[in-house]
Amino acid sequence: MRQRIGLLGLGFMTPALVMVLVFFLIPVVMTAVFGFTNMGTATGISGGEYLLTPKIVKQLEIRGEFDKQSLTALSSNRYQVTEAGLAKAASDGLKSAYIQGLRDSLLGREYSSKRDFERALKKIKDRPRKVRALKKSAEYFSQSILNRRYLTDHEFKTALAATGVQLSATEFDQVLSASYTGWIWTTDNFTNMFSKPDTWVVAFNTLVYVLLVLAFNIGFGLFLALTTFYLPSGQSAFFRAVWLLPRISPPVLYVLLWKWLTWDTGFISTVLGWFGVPAFNYMLGSVGSAWAVVVLINGFVGASLGMILFSSAIQAIPKSILYASEVDGANRWQQVRYIILPQLRWPILFTTSYTTLSLLTSFEYILLSTEGGPGNTTNVWALEAYFTALNNYAGNLKYGYGAAMALVLVTLGVLVSLLYLRLFKFDELVARPKIEN
Amino acid sequence: MRILLDNFTKKFDDVMVINNMNLEVRDGEMMALLGPSGCGKSTTLFSICEIYQCNGGRILFGDRDVSNVTSQHRNVGVVFQNYALYPHMSIFDNIAFPLMVKKMPAEQIKKEVHKIAELVHIGDLLERKPSQLSGGQQQRVALSRALVRKPDVLLLDEPLANLDAKLRLEMRSEIRRIQQETGITAVLVTHDQVEAMSMCDRIALMDHGKILQVTTPNDMYHNPQTDFVAGFLGNPPIAFLDGVITNGQIQLKDSAIQLPLPSRVPVQPDGKIVRLGVRPEYFGNQAGIELQGQVSFVETQGRENLYDIRLGNGAVLRSIQPVRADAGLGDSVSWPLDTEQILIFDDQGQRVA
Amino acid sequence: MSDKNSSNFKSWPVTLILGLFSVPLLVMYLYLFIDTFTNTAPGSLIPNELTFEHWRFLWETEPGTVSIWQVTLNTLIFASVMTLVILSVSLTAGYALSRLNMPFRRFFLAGVLTLHAFPTVTLVIALFIVLQFLGLYNTLIGVIFIKAALMLPFGIWVMKGFYDTVPWEIEMAGVQDGASRFMVWRLLVLPQIKPGLIALGVFSFLEGWSEYLMPQIFAPEADVQVLSVYLASLIADDQKFDFNLFKSIGLFYVLPVIVLYLVFQNKLMNIYGGGSKG
Ligand SMILES: Nc1ncnc2c1ncn2[C@@H]1O[C@H](COP(=O)(O)OP(=O)(O)OP(=O)(O)O)[C@@H](O)[C@H]1O
Ligand SMILES: [Mg+2]
């Protein structure tokens with residue numbers, strides 16, 4: 001019987017488990033996996049192929065580890081009429097008389113330059129009349145591996161060997177990896193990340209952002225909870241409703257209103273304009289004002305969470321205690337300091353840890369407002385990861401590098417949320433079911 | 001149908017709550033499971049209906065071993081302390097639920113529900129929702145729902161605990177009446193001795209997961225097997241005195257007072273340590289050996305007064321008797337103790353006689 | 001507290017500070033209404049003309065753009081299907097976690113609690129690639145499932161909380177009355193948590209309706225655009241900048257939110273209090 005209930009339970013859990021597996025566990029693992037690749041728009045996300053271009057040969061030459069001669073040999077173009085080439089040409093619909101002519105007079109011959117080979121072709125009787133068609137037909141017999149796509153590394157190795165160019169084992173491997181167009185495993189993302197000065201700027205920004213917004217959220221949330229608690233009920237309901245607006249407004253609209261408030265055609269500039277202050281874009285105009293706006297945008301939203309949580313905690317304090325303290329002659333400040341605040345210790349701890357984690361990883365409001373600007377001055381870690389991997393003007397998306405940056409946050413997230421298990425009284429939460437069958 | 005618990009054992013993870021319990025509830029009988037809070041009464045009850053699974057031993061209904069039969073198939077009716085009515089259903093639907101689950105035809109359901117509603121006197125409440133009923137009415141509904149599908153056994157877990165004093169009195173006799181009219185075998189869990197004594201044919205007294213004594217209320221009151229049973233039953237409770245057998249008599253501890261052994265008691269060896277149990281009604285009323293003491297507490301109960309008398313050695317005897325003017329707080333009194341009615345236990349708490 | 005005139009407390013300084021801080025919000029939301037049906041000369045804040053021209057987006061669609069109604073429909077589909085998914089999945093999972101004996105129960109509970117706190121935005125890069133693999137990039141269904149899945153731990157947790165409040169005795173009684181656990185759930189427990197279901201449903205719908213980031217990342221293209229992405233792309237387009245138009249669309253966008261919020265205020269508060277987003 002126990003068995004059957006277990007099955008019912010697992011059955012009830014299955015949809016959730018599948019979704020959690022596909023959209024949480026796999027992505028977490030994949031973030032880690034992608035972080036160790038160089039995936040991006042250039043490499044694609046599926047496998048790659050092998051393509052040796054003159055440019056790559058140039059790069060190899062610049063590295064200077066190669067024998068000049070073998071590089072020249074690699075890039076030299078050699079032509080030879082082979083049965084394979086003829087068959088390919090025939091299947092592409094070239095005239096059979098021309099093919100027969102080629103077979104009869106040129107089969108097996110080798111030419112070391114394109115010009116020589118084309119000259120030989122011109123002597124065939126049934127050759128194409130147009131020069132372009134003739135030149136094109138020459139390509140069937142090119143023996144070079146340049147500019148050809150090879151789907152597997154086996155094909156490419158065979159072709160490389162067939163050129164007859166003498167390469168040492170290390171040279172061979174270098175050519176191989178340089179010509180690969182797909183993504184590869186690498187730890188470069190992390191070494192790059194820690195060596196780039198930009199990373200440290202962004203990390204510092206993140207720290208500033210989290211600290212400032214956190215301070216605003218908690219401090220102002222507390223202020224709101226306390227004041228609305230003491231104000232007459234009509235006023236406090238009004239202020240609570242006003243401060244909930246940012247939370248229930250869609251972020252796009254909310255940030256739009258801030259733009260209207262802070263841009264050079266906006267409210268503040270208009271009002272200050274009456275006093276002769278020139279119009280100014282406070283959101284993007286200077287680093288200081290941009291930071292102020294970013295902190296306020298996030299802070300105004302976040303303060304309401306503190307307001308809600310702290311308010312309900314204050315409501316839970318027995319009224320009699322408050323009245324008693326008042327009778328004892330405590331003023332409001334003393335009441336707050338000695339009676340209310342101690343009761344809020346736990347909600348404050350909860351809100352702080354929760355807010356910290358979500359601020360560290362959030363970037364929605366910054367993306368919508370300053371987009372990290374002006375310059376890179378309000379860019380934070382999560383936003384940088386997003387830009388790197390999913391959205392930048394150059395269109396050169398680096399999934400691998402972005403994933404590596406995200407991996408830092410994911411690791412942090414996993415660690416901190418595991419901490420939550422300690423914060424919550426987990427053992428009470430898992431009290432066993434009372435019906436045992 | 002009789003219920004037999006045979007070496008029944010129940011533990012929660014590592015906590016042993018009931019260890020090898022044996023208990024028989026006879027066919028048609030109402031049995032009380034009585035004991036202090038946390039002694040395992042509810043655990044036993046819930047195991048009988050398989051909300052809990054037993055970890056050892058067998059449970060038999062009649063001669064059928066139901067240890068591995070699920071709740072749904074045990075055919076047990078249960079009344080819970082808070083009634084557990086389904087709040088979103090009308091009273092009719094509440095009572096009809098067990099029949100509906102059995103896929104009984106609607107016509108028949110209607111007939112059955114009305115029949116049981118008449119028996120339990122709630123015929124005119126069927127259209128209402130549970131929240132529109134008083135506690136006593138809810139209790140009746142819970143009872144009808146438990147009875148409507150003609151269970152083999154009726155289990156009641158503290159059914160009166162949530163009622164006020166007056167309703168409790170009324171429901172006490174109602175439940176008993178309905179049980180007797182239906183002739184169903186019932187088990188009543190309670191920690192209230194008055195409930196157990198007034199409603200049930202027999203009482204099983206439990207402590208720490210063990211059954212201490214099973215017998216009729218009357219016998220349990222007058223012939224408790226242990227000092228725990230003696231102390232649990234009776235209100236106001238029994239008073240205990242420590243003593244030692246000296247020259248075939250009982251010498252009270254730290255005192256010169258000697259009491260004779262009741263005549264029914266066989267000769268006891270000298271030096272044996274004993275505990276005497278004296279019920280309040282046997283001190284200060286009939287003739288007997290006069291004991292000197294000081295009134296240390298008086299409680300007015302209306303028709304009677306309850307007195308605590310501190311003896312010379314510091315021990316306290318309790319007396320209940322009609323209100324009298326000659327005994328105020330602090331007064332010295334000399335009252336008779338009916339030594340024939342003293343209960344004697346050994347130092348392990350087992351009844352000697 | 002009711003004793004407003006208590007001698008050891010003056011309320012006006014506090015009201016003043018609170019009022020000052022609230023001014024930006026009041027101004028923003030006040031002008032959100034005013035600007036949608038008036039015109040104001042540059043450099044002034046007093047409207048000089050009443051007009052409905054900012055609302056023409058309702059009946060006119062500029063060539064090369066999507067109709068607002070198409071976008072609204074997308075948003076509606078996105079928010080409601082997502083809500084359905086969250087509700088149905090957390091309805092069963094929440095019950096299993098709250099009430100059923102099953103293997104790995106502790107582990108699942110710990111998992112849900114951990115995921116509940118986990119910052120989901122960190123996963124978008126991997127999810128982007130997962131979606132590409134699945135071929136669901138730029139589809140509503142893909143972003144619906146992602147948003148639903150990311151809210152799921154929260155939904156399950158809230159649902160479990162609601163189930164926890166249903167008295168055990170009701171289930172015990174149901175089982176004793178001969179109903180299977182499934183029937184007990186379906187007939188006896190589900191009706192009890194209907195208020196919770198509604199609260200979670202409204203909350204999820206509002207979350208979906210307001211969501212910007214996920215649709216922006218996973219379904220940005222015109223034919224699957226939702227209102228947030230639509231409005232954001234309009235704002236981002238430097239060519240025709242028109243605050244009054246944006247505000248009108250914004251007001252159109254936020255109206256259902258405000259209505260739902262006013263209706264379900266009290267129920268929603270409980271959920272907000274449960275701590276969902278920073
Ligand atoms: N699920 C459980 N897990 C662990 N221990 C339990 C559990 N349920 C009950 N117990 C323990 O088993 C013992 C008996 O509990 P039970 O509920 O049967 O007591 P009871 O006699 O009904 O008491 P009460 O009169 O207070 O209802 C108690 O000590 C209790 O702590
Ligand atoms: Mg109990």
For this session: Verify, without hydrogens or angle tests, whether B:His88 (side chain) and C:Leu187 (backbone) share a donor-acceptor contact under 3.5 angstrom.
Result: yes
Problem set entry | Interchain contact, C:Met183 with chain B, by part (heavy-atom threshold 4.5 Å) | side chain
For this session: Keeping the roles fixed (side chain from C:Glu169, backbone from B:Phe80), state whether a donor-acceptor pair exists under 3.5 Å.
Result: no
Problem set entry | Spatial distance of atom OH (B:Tyr83) from atom CD1 (C:Ile170) [nearest 0.5 Å] | 13.5 Å
Exercise. Does a sphere of radius 6.0 Å around CD in B:Glu127 hold more than 12 heavy atoms from other residues, nucleotides or ligands, not counting ones at 6.0 Å or beyond?
Worked result: no
Problem set entry | C:Arg186 CZ: over 12 foreign heavy atoms closer than 6.0 Å | no
Exercise. Taking the side chain from C:Gln176 and the backbone from B:Cys49, do they hold a donor-acceptor pair closer than 3.5 Å?
Worked result: yes
Problem set entry | chain B contact via C:Gln192 - side chain, backbone, both or neither, heavy atoms under 4.5 Å | side chain
Exercise. Got a sec: does the CZ of B:Phe12 have more than 12 other heavy atoms crowding it under 6.0 Å?
Worked result: yes
Seminar exercise, completed: One should read off an interatomic distance between B:Phe97 CZ and C:Asp177 CG, to the nearest 0.5 angstrom, of 6.0 Å
For this session: Tell me, for B:Arg74 versus chain C, whether the close heavy atoms (under 4.5 Å) come from the side chain, the backbone, both or neither.
Result: neither
For this session: Examine whether an atom of B:Phe46 lies under 4.5 Å from a heavy atom of chain C, and if so say whether it belongs to the side chain, the backbone or both; otherwise answer neither.
Result: side chain
Seminar exercise, completed: Whatever's closer than 4.5 Å to a heavy atom in chain C on B:Leu85 counts as backbone
Seminar exercise, completed: On a heavy-atom basis, the closest approach of C:Ser180 and B:Gln72 is CA-NE2, 3.5 Å
Exercise. Can you tell me how far OG of B:Ser71 sits from CZ of C:Arg181, rounded to the nearest 0.5 angstrom?
Worked result: 9.0 Å
